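Here's the structure we're looking at; comments come further down.
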Amino acid sequence: MKTWNIGNTTVRNPQRLREALLLFSSKMSGRPYRKPEQFEFQGYMIDAGLVDSDRRGQEGDDGARKFASAFKQLGFITDWSNGKSWRLTEPGKALIEKPNIENTIFLRQLLKYQLPSALEKSRTEGFNLRPFRLFLRFLKKAHDEGMVGLTKDEIGLFVITTLTENDADFNGAFSKISAFRKEYTSILGGTKKRAYAFQQLEKVANQIGLKPNTLLDYADSNSRYCLMSGLLTLKGNKIAVSESRVAFINDLLLDKSPLLANGEYLQSLYDAKLPLLPTDNSVFLSKEVNDLVSRIQNTASTLSEPYKLPDPPTGDDVLELQEYEQALRKELKRLRELIFYRQQNTVECLDEIQELLENIRDNQLVGGQVYAPAYFEWAVWRLFLAINHFESKVEDTRGFEVDEDMQPIHHAKGGAADLKFEYKDFTLVCEMTLMQGSRQFAAEGEPVTRHVFKAIRDSGDKPVYGLFVAKKIDPNTVDTFHNARYWSDWNMAISTPVVSIEIDHLLNIVEKMQTETIQVKTLQYLLERIITLQSNFKSGPDWYRNYEKQLLGFLSSSTALDTGKATYS
């Protein structure tokens, strides 16, 4: 093995590890974990929706073994290999019992993880590193060099193939990243850029006996696990350090302690309080909270917005300081979201939205499809923030959480709309999906109409429109929304107007907004006209084909969009 990989590519979404660990602990405690138990646990995971149902009856190590390997590697359980008796560790207990500090628990475990170790001795000749610390060092260097972050190609080519923390190895690898970035940027055209990147991936993959796509899979996998630290974020097609955590990261990277010997390593790995973090230090915390107070005051002044500081602690107790720091961050985040909202109609932000939608459409996001749903919702949210003039609070327009850098933490939870905008004269409910084919129709038809129905029920006299956005619309889905209605009981049905469009239509809207302003009344005019058209067609696909033609004609016309009029083809 000439690359390293935190976790594994089978467990593609580390956000599922906590739920899987809870299931593992409840079903498998006090038992050896051999092949029969692995088959059994895989069945439990299929029933819980943690792995695909088509894996039922397959080899246990295709799912169950890989999940348990991730638990072991990150120190959430002790070594279960070869039928050994295993137990849940203190970090494992903390992960199950304290989901509100999941990022901190992952951060401590990621910081400790090293190669080689008592748990991973085979195929680690030449390795001498703590992968997450090295990953963080590369990203901090990219930040300092003004490169924003690193792409999936750069991580696969140069980061995960660096096997030590040696300064010479690190500096050599970063020089290669810089040279690759310079050459890639100089090439004109997306097709030629991808050809160059693949050529480099093929060259490195051949040298270490892997396939080019395997390097990209490992880059995705490592990025997803490292994002669980709470210190990183995605920016377009790059993973980067969070701006709000730069001071914290700087302090972390000052630690030059060596790798630990076997016994000492396991003792540390299974200790939920190690390693100590900068925020465990009252001196660092005091400096941090003073900085946060200053940033809140300056941000509020820039916005001409009032602010409210939480009551400060009376002493230097670390726990009280940590709680105070979190409360300050919450207030700063509220103010920063207002700035973010006001920036979205700028040329720079519209360009970012366009690039993000293109990356989602073309499957170019770092982290692969795991994070695509969240960033899809985020991109559409940003687009409607750019249109502006809604009456809701900004934080009430989204069904998902954002971090301090305004990046999405997770996609919207079930049971509510992905996005909801209250305008003066109407309400808009937005739902997004990356599902395609018949699964789209099965998964989205009922929830979308139900969410629109709920909005109608709560809206009073204001009209409500649903907007459904997908990478590609399935004809069965659009037929479901054709003259749709939702029965609240056996006696009453309410019409639920929903318009379906694709990512490419959003990109056409962004392109229009880069030169013209879209007024809210124009948005309502478009939606109302499309909904009115459905009575003229017997099927959803016929209706869709007609209004798509009219929508594209509207967006390509030279008529200013703020008039509420357009020339249709």
Side-chain angles (χ1 to χ4, degrees), residues 4-7 11-18 74 101-113 129-156 158-160 162 165 170 173-174 177 181 216 218-255 275 277-279 288 329 333 336 340 352 356 359 364-375 378 400-411:
W4 46 264
N5 193 33
I6 303 172
V11 186
R12 292 184 175 274
N13 188 353
Q15 293 174 340
R16 291 184 166 186
L17 279 178
R18 179 184 172 273
L74 293 174
I101 57 169
E102 182 180 48
N103 287 146
T104 300
I105 294 167
F106 264 94
L107 173 59
R108 291 188 199 271
Q109 297 309 103
L110 287 166
L111 285 167
K112 290 179 284 193
Y113 174 59
L129 78 158
R130 287 156 294 192
F132 174 70
R133 289 177 185 262
L134 183 65
F135 195 89
L136 198 59
R137 188 179 173 191
F138 273 108
L139 293 178
K140 180 58 172 57
K141 177 74 169 175
H143 172 273
D144 294 345
E145 295 289 323
M147 298 170 67
V148 181
L150 298 179
T151 67
K152 182 161 52 175
D153 294 326
E154 292 161 352
I155 295 166
F158 309 114
V159 177
I160 64 175
T162 302
E165 297 178 13
F170 172 80
F174 198 86
I177 291 173
R181 176 76 66 90
L216 295 179
Y218 286 171
D220 273 337
S221 176
N222 281 295
S223 298
R224 288 192 291 265
Y225 278 83
C226 290
L227 280 162
M228 294 298 293
S229 68
L231 303 183
L232 309 178
T233 189
L234 295 182
K235 294 186 176 181
N237 66 340
K238 300 176 182 70
I239 185 170
V241 297
S242 169
E243 289 291 343
S244 64
R245 295 300 192 202
V246 169
F248 185 98
I249 292 168
N250 282 336
D251 201 86
L252 275 181
L253 293 177
L254 291 175
D255 178 18
L277 302 176
T279 45
E288 190 80 347
R329 288 189 180 281
K333 175 183 168 182
R336 291 188 68 184
F340 185 78
E352 288 176 7
L356 180 60
N359 285 333
Q364 291 299 314
L365 280 183
V366 174
Q369 292 301 99
V370 170
Y371 295 107
Y375 277 86
W378 186 65
F400 54 87
E401 289 296 320
V402 294
D403 63 21
E404 293 176 51
D405 293 316
M406 296 300 110
Q407 304 288 311
I409 296 172
H410 197 276
H411 58 77

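Sequential numbering from 1 along the given sequence is applied to the chain's residues. The structure presented is a predicted model; accordingly, all values stated were derived computationally and were not measured.
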Find the distance between [atom1] ([X]) and [atom2] ([Y]) and round it off to the nearest 0.5 Å.
X: H143; Y: L136; atom1: NE2; atom2: CG; value: 11.5 Å
X: Q15; Y: H411; atom1: CD; atom2: NE2; value: 7.5 Å
X: F106; Y: C226; atom1: CZ; atom2: SG; value: 11.5 Å
X: L150; Y: I239; atom1: CG; atom2: CD1; value: 8.5 Å

Could you list the donor-acceptor pairs under 3.5 angstrom formed between side-chain atoms of residues 245-254 and any protein atom two or more places apart in sequence or on another chain?
residue : atom : partner : partner atom : Å
N250    : OD1  : K140    : NZ           : 3.0
N250    : ND2  : V246    : O            : 3.4

**Study point:** Pairwise side-chain contact, R336 with S244, heavy-atom cut-off 4.5 Å (strictly under)
**Key:**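 Yes; the side chains approach each other to less than 4.5 Å.
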Check your understanding: Just wondering, do F135 and T162 contact through their side chains at under 4.5 Å, heavy atoms?
Key ->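 No; the side chains remain at least 4.5 Å from each other.
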**Study point:** Those residues that, when tested against T104, pass side chain to side chain contact (heavy atoms under 4.5 Å, CB included) (two or more places apart)
**Key:**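 For T104 the side chain to side chain contact (heavy atoms under 4.5 Å, CB included) partners, ignoring immediate neighbours, are I101, R108, L277.
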**Study point:** With K333 via salt bridge (charged side-chain N to carboxylate O under 4.0 Å, His left out) - residues at least two apart
**Key:**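 Expected list: E401.
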Revision key, fill the gap. For K141, the salt bridge (charged side-chain N to carboxylate O under 4.0 Å, His left out) test, sequence neighbours excluded, returns E145
**Study point:** Least distance between heavy atoms, A219 atom then K152 atom
**Key:**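 Looking at all heavy atoms of both residues, the shortest contact is CB-O, 3.5 Å.
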Point to revise | Minimum heavy-atom distance Y225-I6, with the two atoms named | key: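 So the minimum-distance heavy-atom pair works out to CD1-O, 3.5 Å.
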Exercise for review: Could you pull out all residues at least two apart from Y113 that satisfy ring pair (Phe, Tyr, Trp, His ring centres under 6.0 Å)?
Suggested key: none
Review point. Who are the side chain to side chain donor-acceptor pair (under 3.5 Å) partners of Q109, not counting sequence neighbours?
Key: K112
Exercise for review: Evaluate the criterion salt bridge (Lys or Arg N to Asp or Glu O under 4.0 Å) for residue pair K235 and D405; output intermediate values, then yes/no.
Suggested key: CA-CA 10 Å; K235 294 186 176 181; D405 293 316; 5.7 Å; no
Check your understanding: What about F170 and F138, are their ring centers closer than 6.0 Å?
Key -> yes
